[in-house]
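In what follows, a structure is listed as structure tokens, so that the remarks can point back to it.
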Amino acid sequence: MYRIRTLNNISPSCREILKEPYYEISDSESNPDALFVRASDLHDYAFNPELKCIGRAGIGVNTIPLDECTEKGIVVFNTPGGNANGVKELFVFALGMASRDIFDGMKWVYSYDGSDGPIEERMEKIKKQFAGPEYAGKVLGVIGTGNVGSLVANIALELNMEVLAYDPYLSVDAAWKISRHVQRVASLYELLKQCDYLTLHVPLNEETRGMINDKTIAVMKNGVRIINYARGPVVDEDAIIHALNTGKVARYVADFPTERLIHTKNVILTPHLGGTTIEAESNCARMAAMEMDEYLRNGNIRNSVNMPNVYLERSGKARICVIHRNVPGMLSRIMPVFAKDRINIENMSNKSVGAIAYSVFDINSAIDDTILQEISDLDDVIRVRGLE
């Protein structure tokens, strides 16, 4: 039985996959085989030696120390696309909030004390102060056209916007999801200088951190409206506050409140609601559970952010899984261990990503602890698992 520890409230849909007698799920297990998380920060978490994987019910993994996990042979999964529809629907809300001053208008309604007459009469006199442009016919720039960005681009077309998209890492799968009416541009700056609205849908990494900054804002149209449902630090906070105060940016809608942004004019903030729907939480929990189950019981890796994706149908009597460094001659060092013990390999797969590789061997005999130890003792081997 594998022990799963939950560090957040996880949708019960995960239990459709992680069932007894294979799994025991609790929020207090001290030596888990897997962690199930949504938003917990694990940078100071003490990983126990038995920990094999972490399932993130969501997309962002900036709260997980990926380098440490890789060095310890802990596979980290996320759930791309699991909450995409929820974010897309919130984007439609954001367009309205970015255009008209709906937020201040609502505050006026709920704080009106009647001193200037009946609200029905007074509102007709002051409503113009909350007016703004329609977004139909305007140019929307979409940065990042993955699971969320592609849905956002397509729905913006339905709202009669002209849509430009920039994504230097556009995959073939993502390309199929985007309408042919979305115009792909070759450079970030080409997109920025044409946008009336800009929406961000990129992961947070060293390349995207602060990508919206003084320099990139300077090339934008005056009065541009920016929507950030990616990650807070994708937008440089000093730069966006300065641009809002000068009027260069007309409005900033973001899902990542900070103390400074709360007190900045023309900012609309939501409390990280992008993927917070009943359906999205259920989808992400079920998806992460499937990834964890496939790895723990079969050694297959799908949607890992720190290990190669490897899927191999089970054959033979047992399976040996090896996480190792991606160095020349690694397989030629592992193979003699099987030969020495007269173990026949019926099927295998080996893939790498960056400095890490993952090899799966299906063998025609039961696993002896000796062979696992012999492989583990090889230089550049990080972790070995035997599955029967």
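Note that these values count all heavy atoms, side chains included, but never hydrogens, waters or copies made by symmetry.
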Are any of the side-chain heavy atoms of [X] and [Y] separated by less than 4.5 Å?
{"X": "V92", "Y": "I155", "result": "yes"}
{"X": "T199", "Y": "F91", "result": "yes"}
{"X": "N283", "Y": "T79", "result": "no"}
{"X": "R209", "Y": "R231", "result": "no"}

Enumerate, atom names and distances included, each donor-acceptor pair closer than 3.5 Å involving a side-chain atom of residues 124-139, sequence neighbours excluded.
| from | atom 1 | to | atom 2 | distance (Å) |
| --- | --- | --- | --- | --- |
| E124 | OE1 | K127 | NZ | 2.9 |
| K138 | NZ | E134 | O | 2.7 |

**Prompt:** Would you find more than 12 non-hydrogen atoms of other residues, nucleotides or ligands less than 6.0 Å from I262 atom CD1?
**Reply:** yes

**Request:** Verify whether the ring centers belonging to Y229 and H201 lie closer than 6.0 Å.
**Result:** no

**Prompt:** Is the centre of the F47 ring less than 6.0 Å from the centre of the Y45 ring?
**Reply:** yes

**Prompt:** Looking at S13, P12, C14, which hits side chain to side chain contact (heavy atoms under 4.5 Å, CB included) with I10?
**Reply:** C14

To the nearest 0.5 Å, what is the distance between [atom1] on [X] and [atom2] on [Y]?
{"X": "D41", "Y": "I64", "atom1": "CG", "atom2": "CD1", "result": "9.5 Å"}
{"X": "I301", "Y": "E291", "atom1": "CD1", "atom2": "CD", "result": "11.0 Å"}
{"X": "H263", "Y": "E259", "atom1": "NE2", "atom2": "CD", "result": "4.0 Å"}
{"X": "R38", "Y": "T63", "atom1": "CZ", "atom2": "OG1", "result": "11.5 Å"}
{"X": "E346", "Y": "K317", "atom1": "CD", "atom2": "NZ", "result": "9.0 Å"}
{"X": "D341", "Y": "S365", "atom1": "CG", "atom2": "OG", "result": "9.0 Å"}

Identify all side-chain donor-acceptor contacts of residues 211-227 below 3.5 Å with residues at least two apart in sequence or on another chain.
| from | atom 1 | to | atom 2 | distance (Å) |
| --- | --- | --- | --- | --- |
| N213 | OD1 | K215 | N | 3.0 |
| N213 | OD1 | T216 | N | 2.9 |
| N213 | OD1 | T216 | OG1 | 3.2 |
| N213 | ND2 | G210 | O | 2.8 |
| T216 | OG1 | M211 | O | 3.0 |
| T216 | OG1 | N213 | N | 2.7 |
| T216 | OG1 | N213 | O | 3.2 |
| K221 | NZ | Q194 | O | 3.4 |
| K221 | NZ | D196 | OD1 | 3.0 |
| N222 | OD1 | K248 | NZ | 3.0 |
| R225 | NH1 | A98 | O | 2.6 |
| R225 | NH1 | S99 | O | 3.3 |

Would you confirm whether [X], through its side chain, and [Y], through its main-chain N or O, come within 3.5 Å as a donor-acceptor pair?
{"X": "T264", "Y": "V267", "result": "no"}
{"X": "R297", "Y": "M292", "result": "no"}
{"X": "N8", "Y": "V37", "result": "no"}
{"X": "T246", "Y": "A243", "result": "yes"}

**Request:** State, without any angle test, whether E50 and N48 hold a side-chain donor-acceptor pair at a distance under 3.5 Å.
**Result:** yes

**Item:** Q373 versus D369, side-chain donor and acceptor atoms under 3.5 Å
**Value:** no

Lys/Arg N to Asp/Glu carboxylate O, [X] vs [Y], below 4.0 Å:
{"X": "E294", "Y": "R302", "value": "no"}
{"X": "R319", "Y": "E388", "value": "no"}
{"X": "E29", "Y": "R3", "value": "yes"}
{"X": "D238", "Y": "R260", "value": "yes"}

**Item:** Distance under 6.0 Å and angle within 45° of ring axis: R184 vs Y166
**Value:** no

**Prompt:** So, is the end of the R385 side chain (NZ or CZ) under 6.0 Å from the ring centre of Y295 and within 45° of the ring's axis?
**Reply:** yes

**Prompt:** How does the hydrophobic cluster around I375 look, that is, which other residues are in it when side-chain heavy atoms under 4.5 Å mark a link?
**Reply:** I320, V322, V327, M330, L331, I334, M335, V337, F338, I343, I345, M348, F361, I363, I367, I371, L372, L378, V381, V384

**Message:** Quick check on the hydrophobic clustering: are V234 and L192 connected, directly or via other members, by side-chain heavy-atom contacts under 4.5 Å?
**Reply:** yes

**Request:** Specify the closest pair of heavy atoms between V249 and L244, including all atoms of both residues, with the distance to one decimal.
**Result:** O-CD2, 3.5 Å

**Request:** Indicate the atoms forming the closest heavy-atom contact of P328 with R333, along with that distance.
**Result:** O-NH2, 4.4 Å

**Asked** In this structure, which one of N147, N154, T145 forms a side-chain hydrogen bond (donor to acceptor under 3.5 Å, both in side chains) with K177?
**Response** N147

